[in-house]
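One structure is given here, and the rest of the page talks about it.
In what follows, every chain begins at residue 1, and chains take the letters A, B, ... in the order their sequences are listed.
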Number of protein chains: 2
Amino acid sequence: MSAISCTPNVGRPRAFDMDTALEKALEVFWRKGYDGTSLSDLTEAMGINKPSLYAAFGNKEQLFLKAIELYESRPCSFFLPALEKPTAYQVAEHMLYGAATNMADQSHPQGCVVVQGALSCSEAAATVKEALINRRVEGEQKLRDRFERAKAEGDLPADADAETLARYLGTVLQGMAIQANNGATCDQLRLVAQMTLQAFPRA
Amino acid sequence: MSAISCTPNVGRPRAFDMDTALEKALEVFWRKGYDGTSLSDLTEAMGINKPSLYAAFGNKEQLFLKAIELYESRPCSFFLPALEKPTAYQVAEHMLYGAATNMADQSHPQGCVVVQGALSCSEAAATVKEALINRRVEGEQKLRDRFERAKAEGDLPADADAETLARYLGTVLQGMAIQANNGATCDQLRLVAQMTLQAFPRA
DNA sequence: AGATTTCTGTACTGTAAGGTAAATAACCCT
DNA sequence: AGGGTTATTTACCTTACAGTACAGAAATCT
């Protein structure tokens, strides 16, 4: 799923690549948040003019939502791959260490755009705020489902509280995003991951 | 430390109470963040006009910084009191349960303004962003100092890593702020607090 | 009372915000 | 080559933003 909208074979061809422009937009939203990002910030970073932006992406809000979609489908994303690990403990382990590596990575803004893109925000950002909350809650729901499965498969004790395990993990992951914004290094976050796992039940 | 600036005994008296106006400003910043809050939002909530705001508080940035000071000195603040508890474990316990209660409290915006007031933000908010990062880092430094003391006093093992314990706790507390924004209830956060404590060394 | 000091309300400033109209440019198809 | 279609450029629109000038109002001080 690379091209966002299929390019028609008639008319003047688009002078920019939508995917790379969207990457640039994501980076700005990630660093400045939805309210803190102006259209000038976006057009400058994307290297296009406003009418091109509006023609290609709708408006600021839709551009943000598309940037979030891109964020979650990027190859460096660690969340979904971690869910595939064979045991609940390994799921938690990979997710925590993946987050530690990813969130402190200096090759892009620190933290997680789903956490910090529109946390406290204006009424104009209400829609994107809701969208981000939904993503965070859905992420925890996926974790919970995975841990329920682990109980059924026997690699979590039958009396384990899958919901609380998922929320605990979600809390630490979201906290790591703040830590990364504070300037925490990958190594420091890995130590937090290690501590977090000490509270996690093993088979 | 109630009155922010001492009222002179000459001239027309101020028609509003600075402390309650500051409380109102804090609530708006807390809910909308620095970038998401407009001066109109502020003057409306505070019940004053712009010239009164500027005369009393300087400008938007200084008003925000004063609101943060107020936030940290409020009676319902849980951080500093928790540090006074006799053992490291009890410090962590009170801090986590205090956060669970406070951050999900429906009598004010959810979460923590120090976390969410200016996380990702515009360049105009760079100063307040730095100020908030400093507050968060200082909070963890206080925890670390407290845990070093606990090692000296023998209620933490001598080989405990005070820095990582502090960062782990800070991570969970900051994550709880996000959770509260997600709509997590006090009870749900208390379960997270309970799990967090399982990784915490006892005497 | 009058002078002095400070606050309040209204009206205003310049700038930047998000978004768009209209003309021109570049491509495909016949 | 010319028509159809789509993208780009420039210029503009309305609205909201943070911040202020100024005149009048309410207090104290002498």
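Atom CG of A:Leu53 is separated from atom P of C:dG18 by 10 Å (rounded to the nearest Å). Atom CD in B:Glu44 sits about 13 Å away from atom P in D:dA16, given to the nearest Å. When the P atom of C:dC7 is taken as reference, atom CG of B:Asp17 falls 14 Å away, rounded to whole Å. We find that CG of B:Leu39 is positioned 11 Å from C1' of D:dA16, with the value rounded to whole Å. Protein atom CD1 of A:Ile48 is 14 Å distant from nucleotide atom P of C:dG18, rounded to whole Å. Atom CE of B:Met46 is separated from atom P of C:dG9 by 14 Å (rounded to the nearest Å). The OH atom of A:Tyr54 sits 16 Å away from the C1' atom of D:dT9 (whole-angstrom rounding). Protein atom CG of B:Asp35 is 11 Å distant from nucleotide atom P of C:dA17, rounded to whole Å.
Side-chain atoms of A:Arg12 and base atoms of C:dA25 include a donor and an acceptor less than 3.5 Å apart. In terms of polar N and O atoms assigned as donor or acceptor, the side chain of B:Lys50 comes within less than 3.5 Å of the base of D:dG19 in a complementary pairing.
Using a 4.5 Å heavy-atom threshold, the side chains of B:Ser73 and B:Glu69 count as separate.
A side-chain N or O of A:Asp105 and one of A:Ser107 form a donor-acceptor pair less than 3.5 Å apart. Remark: the B:Glu130 side chain and the B:Thr127 side chain contain no N/O donor-acceptor pair separated by less than 3.5 Å. A side-chain donor from one of A:Gln174 and B:Gln179 sits under 3.5 Å from a side-chain acceptor of the other.
DNA chain D is contacted by both B:Thr37 and B:Asn9; B:Thr37 maps to the nucleotide lying nearer its 5′ end (nearest heavy atom per residue). Along DNA chain D, the nucleotide nearest A:Pro51 and the nucleotide nearest B:Val10 are compared for position; the residue whose nucleotide lies closer to the 5' end is A:Pro51.
Across all strands, A:Ala15 comes closer than 4.0 Å only to sugar-phosphate atoms, never to a base (heavy-atom distances). Residue-level contact check: B:Pro13 touches the backbone only, with heavy atoms under 4.0 Å from sugar-phosphate atoms and none from bases.
Nearest to the side-chain atoms of A:Ser52 among the listed nucleotides D:dT8, D:dG19, D:dC17 stands D:dT8. Counting only heavy atoms from C-beta on, B:Arg14 has its side chain closest to C:dT8 among D:dA18, C:dT8, C:dA17.
Phosphate proximity of D:dA16 to B:Ser40: absent, as no side-chain N or O sits under 4.0 Å from OP1 or OP2. OP1 or OP2 of D:dT9 sits under 4.0 Å from a side-chain N or O of A:Asn49.
Ion pairing between a basic and an acidic side chain is recognised when a charged N comes within 4.0 Å of a carboxylate O; B:Arg167 and B:Glu163 show such pairing.
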